[in-house]
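Structure first, commentary second.
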Amino acid sequence: MAWQHNKGVFMKKGNKFLEITLCLMMMLLLVGCENKKVITLDTFKEKATSNNYIVSDVTSQFKKSKIVKTATTANNLSKWVIEFYTLKSDSDAEYMFDYNKNEITKSKSKNSKEVSNSSGNFTTYSLTDNGYYIYLCKVDDTLLYTKVKEEYKEEVDKFIQELGY
């Protein structure tokens, strides 16, 4: 009888453990379904200018493109450049993200460090490899891209976080 009683206690503890585990998993799933706030071209320009970065409209480089509405860069005295694109649709931004990611991964080394994240309305990809840091982020119909020397990673990440991307 004692064995059955202990078995019942174990089962109750096991059920409690299972309940807590399921609850934690559901919380993680719900937190993981967050969205990023898409920024406008004006917001990108304002934040870049307020950080004393040089803002350039490079849309003319894409006049043959059927998917790029605007293309703008922010650069920090030629140390690094961040590109910000507004595309005609979410699927165009997704196509451009996938294309760039595929091009980036073709030449990565075995020792590279890469991180991907996708949730809600955004997808991100970063790669640190051969002294460079590459970051790509798609939010709705916008795309942010940078490839900088690894020594500027922290500075670039700080600006990217300020943008919310």
Side-chain angles (χ1 to χ4, degrees), residues 22-63 65-108 112-165:
L22 287 174
C23 186
L24 288 173
M25 287 175 55
M26 287 176 29
M27 285 173 37
L28 286 173
L29 287 173
L30 290 174
V31 169
C33 292
E34 68 184 51
N35 284 329
K36 288 189 182 280
K37 183 177 180 194
V38 67
I39 62 167
T40 65
L41 175 58
D42 288 338
T43 301
F44 178 79
K45 288 179 182 180
E46 288 168 17
K47 290 193 184 281
T49 304
S50 71
N51 281 287
N52 297 319
Y53 302 146
I54 299 165
V55 176
S56 302
D57 182 345
V58 294
T59 306
S60 62
Q61 295 177 16
F62 297 91
K63 53 185 161 185
S65 171
K66 295 181 181 182
I67 65 171
V68 175
K69 285 173 38 178
T70 65
T72 306
T73 62
N75 100 47
N76 184 5
L77 304 173
S78 301
K79 292 179 186 175
W80 53 259
V81 174
I82 293 180
E83 303 168 18
F84 181 75
Y85 299 91
T86 305
L87 291 302
K88 292 195 175 179
S89 70
D90 183 58
S91 60
D92 290 336
E94 189 172 331
Y95 168 79
M96 194 168 175
F97 178 93
D98 290 341
Y99 176 83
N100 281 284
K101 182 180 174 187
N102 288 336
E103 289 299 306
I104 293 164
T105 57
K106 282 181 185 178
S107 60
K108 72 178 182 174
S112 64
K113 297 175 193 164
E114 60 185 333
V115 177
S116 293
N117 187 13
S118 185
S119 182
N121 67 335
F122 72 92
T123 305
T124 63
Y125 174 76
S126 67
L127 175 73
T128 305
D129 191 28
N130 292 319
Y132 284 92
Y133 171 66
I134 302 169
Y135 182 79
L136 190 59
C137 179
K138 176 218 151 311
V139 181
D140 291 341
D141 63 346
T142 64
L143 185 82
L144 186 98
Y145 172 85
T146 191
K147 179 180 179 180
V148 301
K149 289 184 179 176
E150 196 173 349
E151 65 189 275
Y152 301 117
K153 180 184 183 301
E154 282 185 40
E155 184 180 346
V156 167
D157 275 346
K158 183 179 174 191
F159 181 59
I160 289 169
Q161 287 178 0
E162 188 177 326
L163 295 171
Y165 274 50

Quiz prompt | T73 and N75 side chains, donor-acceptor separation under 3.5 Å | solution = no
Exercise. Would you please say whether a donor-acceptor pair under 3.5 Å links the side chains of T142 and Y165?
Key: yes
Over all heavy atoms of both residues, which pair between [X] and [Y] is shortest? Give the atoms and the distance, please.
X	Y	answer
K47	S50	O-OG, 2.9 Å
Y53	A74	CB-CB, 4.3 Å
K37	V139	C-CG1, 4.3 Å
G164	K36	O-CD, 3.4 Å
K66	K88	O-CD, 3.2 Å

Quiz prompt | Residue from K147, K101, E114 passing side chain to side chain contact (heavy atoms under 4.5 Å, CB included) with L127 | solution = E114
Rounded distance (nearest 0.5 Å) linking atom [atom1] of [X] with atom [atom2] of [Y]:
X	Y	atom1	atom2	answer
I54	S78	CD1	OG	6.0 Å
L87	D92	CG	CG	6.0 Å
K45	S56	NZ	OG	10.0 Å
D157	Y152	CG	OH	15.0 Å
I104	D129	CD1	CG	11.0 Å
M96	D141	CE	CG	12.0 Å

Quiz item: Are T70 and F62 close enough that some pair of their side-chain heavy atoms sits under 4.5 Å apart?
Solution: no
Exercise. State, with a plain yes or no, whether a side-chain heavy atom of L144 is found less than 4.5 Å away from one of I39.
Key: no
Quiz item: More than 12 heavy atoms of other residues, nucleotides or ligands under 6.0 Å from CZ of F159: is that the case?
Solution: yes
Exercise. Just do the side chain to side chain contact (heavy atoms under 4.5 Å, CB included) check on Y135 and V156 with the steps written out, would you?
Key: CA-CA 9 Å; Y135 182 79; V156 167; 5.8 Å; no
Self-check item: Candidate pair D57 and T59, rule side-chain hydrogen bond (donor to acceptor under 3.5 Å, both in side chains), full reasoning
Solution: CA-CA 6 Å; D57 182 345; T59 306; 2.6 Å; yes
Quiz item: Can any side-chain N or O of T146 pair as donor or acceptor with the backbone N or O of V81 at less than 3.5 Å?
Solution: yes
Quiz prompt | Donor-acceptor contact below 3.5 Å, side chain N121 vs main chain N35 | solution = no
Practice problem: List the steps and the verdict of side chain to side chain contact (heavy atoms under 4.5 Å, CB included) for K69 and L41. | Solution: CA-CA 10 Å; K69 285 173 38 178; L41 175 58; over 6 Å; no
Quiz prompt | Under-4.0 Å salt bridge between D90 and K138 | solution = yes
Exercise. Identify whether the distance between the nearest side-chain nitrogen and carboxylate oxygen of E103 and K106 falls below 4.0 Å.
Key: yes
Quiz item: Parallel, tilted or perpendicular for F44 and F84, by the 30°/60° rule?
Solution: parallel
Quiz item: Yes or no on side chain to side chain contact (heavy atoms under 4.5 Å, CB included) for N100 and Y125, after CA distance, side-chain angles and deciding distance?
Solution: CA-CA 10 Å; N100 281 284; Y125 174 76; over 6 Å; no
Quiz item: Within 45° of the axis and under 6.0 Å from the centre of the six-membered ring of Y133, does NZ or CZ of K153 qualify?
Solution: yes
